[in-house]
Amino acid sequence: MNYRERTKERPELQWDWGHAFSGIEVNKQPVSQVLGPMLAAHRFTLPLTQLARAVSYSGSSTRLRHVVGRLLAGREVRVGVVGGSISWGHGSGNRGEADWFSIFSKWLIAAFPRSNVTTRNGCVPGVTSQYMIMCLEQSLDAGVELVFVEFNLNDGQDSALYDNRPVKDTERLVRRLLALPSRPAVVLLHSPQHGMASYPEGHPKNPDQELYVPFYQTPEDAYGAISQYYDVPGLSMRTALYRLAAHLQREGFLWEQTFQDIHPGVHGHRCVADLPIYLLQQVALGLLLRPFSAEDEEVLREALPPPMYAGNDPPDAPMCVLYDQFKSLVLSATGWEYRDEGTPGKPKPGFIATTPGSKLVLRINTDRTTPPRRPPPPAGSATEAAAAGLVAAAAAAAGSSQVAPQQLGTDPVRVFFFLLRSYEHMGMASISCVSGCTCTPLTVDGNNDRRASQLHLIPLSVSQAAQCDMAIEVLSTTNSKEHKFKVAGVAVAERAGSESYLDSLVGTAGGEFGVKEHTGQRQAVTWSKAGRQGGPENKGEWRH
């Protein structure tokens, strides 16, 4: 049976709050009136008990209380999601309309009619949190105030409870998010692991003995440490559905009725959307009983604690700089021009040169010292004096009058340039290190062997330096009789070493950059009061 038919929406299971809050008053006003649109704008699919169980951690929800308070006050709020193919919309049957984040986005706009809400789906199918740590800015709008994170399926399994690799990766992503200038609220959304949304071996519905994973076999529970350490709410698809599907075997919630494969189906996406909507409604109800206070404000302004895993900080410097942001790294551009060769809705900006000898010089940060080294304060400042006093005190406590300077790491760092390769007009260029760092120069041919124009990632191994100046120079050598060369950006690996996560995407020698969501080949789905922009219906694209 076609998965859309098998997992079709089940209106007969849906319910709403009705008159549940009409008899409750706050300041002599019925709650059903104060929060009217927010409580009435959605019909739930999951039973109420399962919704409550699926909130695996709520904590103080201070940042989330702040966001919901802004929504209730009619302020402008930006919301984003980063994750893999589930939150991207695979299995929903109509990405941009029926995926869980679009359902949530439409509810958010209807629930807070006085607020100017904009949502953006920044998910990338098939990548892990390690990629998003580097290229986060390509998936989120500036000023975002609420971000959902869904990577636990893509990040894979690790049976270790205390030294868990996916948890470490997620911690660095969460730290990057919480440290953004807009100080967003973060919500972790956990999905069932491979084989969990199925039946045990020997079950009549599993005659082929396909993979089956029990309830406990997931790093989701280890992620709970992140929620508690950083006070980040968590939502669990596993907990929301497992009891209904596996124990009660309730019609309408069987695995084959909610999941396409490892992805939720049409009905499953509606179930997932229930979770963040329920969470925000509960936060709003809590604000009525306990309004945002001076204590909340104090907590909101707290600095991040040190990493839960010692030294598990992401780099301070931007790691994935593309398009307009790339211009800020350029020191000089002799013979190069920054321009957009694309069309409205499908931009293709970058630095372009067509003459041999044209030279582009840029400065990047390849310092991967752990913990990150902070730049020195301005000379003679009070901050410098205070820092000097702390250093002296630490040295005295250690019984020494001098403190050894922090050394740069000796391992190289992988640097990836986003270069255009095409089947015509393209020339060759040399990439080299010119100051502050060292690398083996590399010659790159912009010609493509097939009739396609595609950004490629071209890697070099570069020594560590806070100020690494690199040059791209167009050569007189060419295989096309022309000399065009185009550079759209640069990515610096998060960690030092001979290989990085980006090597796993394109190969150690480089290759096509297939993340269409970050190349302009696939437009992100955004929702606002003006309606939806982006999505497959606009571009004729479906990913199977």
Side-chain angles (χ1 to χ4, degrees), residues 8-61 64-75 77 79 97-98 100-117 119 146 148 185 187 189 233 235-237 239-241 243-244 248 250-253 257-258 266-293 527 529:
K8 65 183 180 182
E9 189 176 340
R10 304 294 292 264
E12 71 275 13
L13 299 173
Q14 295 173 10
W15 59 275
D16 58 37
W17 290 112
H19 301 289
F21 298 100
S22 59
I24 303 174
E25 292 185 350
V26 175
N27 293 331
K28 298 182 179 180
Q29 285 187 292
V31 170
S32 57
Q33 291 183 16
V34 177
L35 302 179
M38 194 197 68
L39 296 172
H42 179 72
R43 288 180 59 80
F44 290 97
T45 299
L46 285 166
L48 180 57
T49 302
Q50 291 305 110
L51 288 173
R53 287 168 172 164
V55 180
S56 54
Y57 180 84
S58 59
S60 73
S61 299
L64 197 54
R65 280 164 54 83
H66 176 69
V67 174
V68 174
R70 285 176 55 81
L71 289 165
L72 290 169
R75 307 290 292 276
V77 173
V79 181
E97 293 287 343
W100 80 260
F101 189 67
S102 292
I103 296 170
F104 170 75
S105 298
K106 289 183 282 187
W107 168 79
L108 202 62
I109 293 165
F112 301 96
R114 296 171 52 226
S115 180
N116 185 14
V117 176
T119 70
L146 170 58
F148 294 90
V187 177
L189 176 63
L235 299 172
S236 174
M237 302 184 210
T239 309
L241 289 165
R243 182 182 295 264
L244 298 174
L248 301 179
R250 183 173 296 179
E251 172 61 25
F253 294 102
Q257 295 171 327
T258 55
V266 179
H267 179 41
H269 271 275
R270 283 201 61 88
C271 292
V272 176
D274 285 353
L275 306 184
I277 293 173
Y278 175 79
L279 177 64
L280 263 64
Q281 287 181 342
Q282 296 306 303
V283 170
L285 289 166
L287 281 170
L288 292 184
L289 300 175
R290 183 172 64 86
F292 203 81
S293 65
W527 275 95
K529 286 185 176 180

Main-chain N/O of L72 paired to R114 side chain as donor or acceptor, under 3.5 Å: yes
Flag side-chain contact, heavy atom, 4.5 Å: T239 against R53: yes
Reported NE2-to-OG distance for the pair H269 and S102, which is rounded to 0.5 angstrom: 9.5 Å
R75 atom CZ, neighbour heavy-atom count above 12 within 6.0 Å: no
Side chain to side chain contact (heavy atoms under 4.5 Å, CB included) between V34 and L288, intermediate numbers included: CA-CA 9 Å; V34 177; L288 292 184; 3.9 Å; yes
G252 to T258 - nearest heavy-atom pair and separation: O-CG2, 4.1 Å
Inter-residue atom distance T119.OG1 - F101.CZ, 0.5 Å rounding: 4.5 Å
R10 CZ to H267 NE2 distance, which is reported to the nearest 0.5 Å: 6.0 Å
Shortest non-hydrogen contact between L51 and W15, atoms and distance: CD1-CZ2, 3.8 Å
For the student: nearest non-hydrogen atoms of K8 and V266, plus distance: CA-CB, 4.4 Å
Heavy-atom side-chain proximity of Q257 to E251 below 4.5 angstrom: yes
L285 CG to L39 CG distance, which is reported to the nearest 0.5 Å: 6.0 Å
Short side-chain to backbone donor-acceptor contact, Q281 and M38, under 3.5 Å: yes
Contact check, side chains of L279 and P233, non-hydrogen atoms, under 4.5 Å: yes
Minimum side-chain heavy-atom gap L189-W100 below 4.5 Å: yes
Over 12 non-hydrogen atoms of neighbours within 6.0 angstrom of NZ in K529: yes
Working for side chain to side chain contact (heavy atoms under 4.5 Å, CB included), residues E97 and W527: CA-CA 10 Å; E97 293 287 343; W527 275 95; 3.7 Å; yes
Residue pair R65 / S60, side-chain heavy-atom distance below 4.5 Å: no
Where L244 and P47 come nearest, the two heavy atoms and their spacing: CD1-CD, 3.8 Å
P37 side chain reached by P113 side chain, heavy atoms, under 4.5 Å: yes
Whether N27 side chain and Q29 backbone form a donor-acceptor pair below 3.5 Å: no
Inter-residue atom distance S32.OG - H19.NE2, 0.5 Å rounding: 9.0 Å
Any side-chain heavy-atom pair of L280 and L108 under 4.5 Å: yes
Sub-4.5 Å side-chain heavy-atom contact between V55 and Y278: yes
Parallel, tilted or perpendicular: ring planes of F104 versus F148, cut at 30 and 60 degrees: perpendicular
Inter-residue atom distance L71.CG - H66.NE2, 0.5 Å rounding: 10.0 Å
Distance-only donor-acceptor hits, side chain of residues 270-277, under 3.5 Å, sequence neighbours excluded:
from : atom 1 : to  : atom 2 : distance (Å)
R270 : NH2    : R43 : O      : 3.1
D274 : OD1    : H42 : NE2    : 2.8
D274 : OD2    : T45 : N      : 2.8
D274 : OD2    : L46 : N      : 2.8

